[in-house]
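Working notes for the structure below.
Each chain gets a letter, A, B and so on, in the order the sequences are listed, and its residues count up from 1.
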Amino acid sequence: MSARDAVYGVVRTIPRGKVLSYGGVAELVEGVYVSARTVGRIMASAPPDVPWQRVVARDGELVIARRSPLMAAEQRRLLALEGVGFSSDGRVRMDEHAWAPGGTLFSE
DNA sequence: AACTTGACGTGAC
DNA sequence: AGTCACGCCAAGT
């Protein structure tokens with residue numbers, strides 16, 4: 001089991017309309033330790049069946065925007081199609097869409 | 001096989 | 001609140 005497959009496995013479990021931070025993905029990976037940065041490194045070559053758009057920075061920023069504005073626009077489009085909302089500064093509303101496995105932390 | 005480079009996150013100024 | 005430095009380690013060169 002490579003770190004790569006483990007990371008993709010976790011990302012594939014993120015529900016539609018929800019997002020997870022790089023660090024969040026890292027924490028959910030079992031068996032092998034991976035850092036948030038490693039998740040990012042691995043996401044750079046994500047296969048088409050992985051919902052890469054659902055992984056954002058902890059504060060909701062679309063990190064890809066730092067390198068590719070075009071991809072950022074694409075990510076934003078895909079998320080919008082899933083019903084994910086953005087705040088005025090262009091970041092995902094983490095208070096509404098951050099995903100916590102097995103039940104939301106904001107429950108209640 | 002050695003060296004560099006980051007889709008990050010955190011803490012110190 | 002905005003930099004800056006750095007740990008982390010898979011991939012690319």
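Across all strands, Ala57(A) comes closer than 4.0 Å only to sugar-phosphate atoms, never to a base (heavy-atom distances). Across all strands shown, Arg41(A) has heavy atoms under 4.0 Å from base atoms, whether or not it also approaches the sugar-phosphate. Nucleic acid contact for Ser2(A): none, since no nucleic acid atom lies under 4.0 Å from a heavy atom of the residue.
In 5' to 3' order, the nucleotides of DNA chain C bounding all contacts with chain A (an atom under 4.0 Å from a heavy atom) are dG7(C) to dG12(C).
For Trp52(A), the listed nucleotide lying nearest its side chain is dA7(B); candidates were dG9(B), dC8(B), dA7(B).
Base pairing of dA7(B) is not made with any nucleotide, judged by Watson-Crick or G-U wobble geometry with both donor-acceptor distances under 3.5 Å.
You won't find any donor-acceptor pair under 3.5 Å spanning the side chain of Arg58(A) and the base of dG9(B), going by distance alone.
With Gln53(A) contributing its side chain and Leu79(A) its backbone, the two residues share no donor-acceptor pair below 3.5 Å. Under the 3.5 Å distance criterion, the side-chain polar atoms of Tyr8(A) are matched with a main-chain donor or acceptor of Ile42(A).
At a threshold of 4.0 Å, the pair Asp95(A)-Arg93(A) does not count as salt-bridged, since none of the basic side-chain nitrogens sits closer than that to a carboxylate oxygen. Using a cut-off of 4.0 Å between Lys/Arg side-chain N and Asp/Glu carboxylate O, Glu82(A) and Lys18(A) are scored as not salt-bridged.
When each of Ala36(A) and Ala3(A) is assigned the nucleotide of DNA chain C with its nearest heavy atom, Ala36(A) is the one assigned upstream, toward the 5' end.
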